[in-house]
Number of protein chains: 2
Amino acid sequence: MTEPTSPDPRRAALMAAAEALFFERGFAATSIDAIIERAGGSKRTIYALFGSKEGLFEALIRENTEKMFGAPFFGAPSLGLEETLTGFATHLLELFTRERTIGLYRVVVAEARRMPELAASFHRLGPERGRDWIAGVLAAAAERGEIGPVDPHSAASQFLGLVRSDVYFEIVLGLRGPLGRTEIAQIADSAVATFLRGIQPRGRLRP
Amino acid sequence: MTEPTSPDPRRAALMAAAEALFFERGFAATSIDAIIERAGGSKRTIYALFGSKEGLFEALIRENTEKMFGAPFFGAPSLGLEETLTGFATHLLELFTRERTIGLYRVVVAEARRMPELAASFHRLGPERGRDWIAGVLAAAAERGEIGPVDPHSAASQFLGLVRSDVYFEIVLGLRGPLGRTEIAQIADSAVATFLRGIQPRGRLRP
DNA sequence: TTGACAAGGTAATGACCGTTACCGTATCTG
DNA sequence: CAGATACGGTAACGGTCATTACCTTGTCAA
């Protein structure tokens, strides 16, 4: 549908201004005039490129989702399970607690009721890929006998929750600033440790 | 004859209309006129009772938060740890996946940047109480030796994430309807099982 | 050089916004 | 019954909104 990269500088300026304003104020509270004031140029250009305010918003969400979540989860398959999970958890925390990602998430959640297909596309192009990748990692580990038999999908769901923990909830509400590297490493290590012990069948020990 | 504390019916009607509209459309996209059209009466009354649109919004958020999260977590202390955690997880899932709670959460997240103290008050009056209660339960269990020594705060944070798992994320994005009782019980049981195994010190068995 | 045409800046449009001034009315005091 | 007072409905106000018609300007072929 849309070209992956467009070399149009007007388009890039509009996108940058739209990102700053939509992510800060939300969709309804951001006016076309404010976007133009920040990006320069003319309203005419927005309607020529995007058709409407909602069209600009949709393009912004889609492109940011793809940019942020574009193929970041395919770590080296040579690593052991624990290292793979820790690497994934670290990456997830770094990504999800970034100011940009929080802004994107907030605005998608805010409009999820009025633009359901936009929220679905955000999830499909973004978080769902990480969840599926982790489910694959767990399925392979279970097949190799590294962990006990699990339902990969629900185990991945638990792992994601464990990594986000309550910390992500608080960050989304604006109660915490972004995490430092030390904090991220600590949360990731602790989540992986809890998870690996947690999914072992009752009464079994890790080797 | 008259009740000791008279609940103003105009105020209640305004609150009901405001809830339906703010939770559905968000703050900026909801107009005072639309609220009046739904609640009846006059705009004059809104400004007499709440001072402004934002005042009405703040009162709505505060009262809904208190109504939803008011003292629901103080279960019977006679139960065992596993039953206590399962009861809490079930309650949390029922509450957080309700349509009303999702609407409240969406709108608080959407306005978290512009009304930070509102988001903080939501958290303090709501989710934080559950987290603190669970932390207390875990601290007491650790002191009794039922579980190994843990940092109650970060263990509670992990437990909350584990219960919400990725399912809550998907519901907030509108990708899933509310959960059924069976689904909730399954998620709660599984989360508690993973958690209790997960927080045991490395190499220790549950009795 | 000139004509035409496309692109983008300007200003208009019609609707709607939050807020408040104004005024009728109903209730209460004397 | 008369007057005052507080409440709530109506309509207006100044501003802003998304969208579009109009027009200026720059470009390029002939």
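Values in this document were obtained by computation on a predicted structure and should not be read as measured data. In the text below, chain A, chain B and the rest are named by the order of the sequence lines, each starting its count at 1. The analysis underlying the following values was restricted to heavy atoms, covering all of them including side chains, and did not include hydrogens, waters or symmetry mates.
Shown here are the side-chain contact (heavy atoms from CB on, under 4.5 Å) partners of Asp132(B), two or more places apart in sequence or in another chain: Glu128(B). Residues passing the side-chain contact (heavy atoms from CB on, under 4.5 Å) test with Ala141(B), sequence neighbours excluded: Leu81(B), Arg144(B), Glu146(B), Ile147(B). With sequence neighbours left out, Ala110(A) forms a side-chain contact (heavy atoms from CB on, under 4.5 Å) with Ala110(B). A search for side-chain hydrogen bond (donor to acceptor under 3.5 Å, both in side chains) contacts involving Ser190(A) returns Gln158(B), not counting sequence neighbours. For Ala48(A), there are no side-chain contact (heavy atoms from CB on, under 4.5 Å) partners two or more places apart in sequence or in a different chain.
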What is the per-nucleotide protein-contact pattern of nucleotides 7-15 of chain D, from the 5' end, where B denotes a base atom under 4.0 Å from a protein heavy atom, S denotes such proximity for sugar-phosphate atoms only, and - denotes neither?
-BBBBB---
Table please: side-chain donor-acceptor pairs of residues 115-126 of chain A below 3.5 Å, with sequence neighbours left out.
none

Report all side-chain donor-acceptor pairs from residues 94-107 of chain A shorter than 3.5 Å, counting only partners two or more places apart or in another chain.
unit_1    : atom_1 : unit_2    : atom_2 : d
Glu94(A)  : OE2    : Arg181(A) : NH1    : 3.1
Thr97(A)  : OG1    : Leu93(A)  : O      : 2.7
Glu99(A)  : OE2    : Arg113(B) : NH2    : 2.6
Arg100(A) : NH1    : Glu19(A)  : OE1    : 3.3
Arg100(A) : NH1    : Glu19(A)  : OE2    : 3.1
Arg100(A) : NH2    : Glu19(A)  : OE1    : 3.4
Arg100(A) : NH2    : Asn64(A)  : OD1    : 3.1
Thr101(A) : OG1    : Leu95(A)  : O      : 2.7
Arg106(A) : NE     : Val172(A) : O      : 2.9
Arg106(A) : NH2    : Val172(A) : O      : 2.9

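In this structure, Arg129(B) forms no cation-pi arrangement with Phe69(B), as its terminal cationic atom is not both closer than 6.0 Å to the ring centre and no more than 45° off the ring axis.
Sorted by first and then second residue, the salt bridge (Lys or Arg N to Asp or Glu O under 4.0 Å) pairs with a member in residues 49-60 of chain A form an empty list; sequence neighbours excluded. The stretch residues 37-46 of chain B participates, sequence neighbours left out, in these salt bridge (Lys or Arg N to Asp or Glu O under 4.0 Å) pairs: Asp33(B)-Lys43(B).
Near-neighbour residues of DNA chain C inside residues 17-33 of chain B, defined by a heavy atom below 4.0 Å, number-ordered: Thr30(B), Ser31(B), Ile32(B), Asp33(B).
A nucleotide of DNA chain C counts as in contact with chain A when one of its atoms lies under 4.0 Å from a heavy atom; the first and last such, 5' to 3', are dG8(C) to dA11(C).
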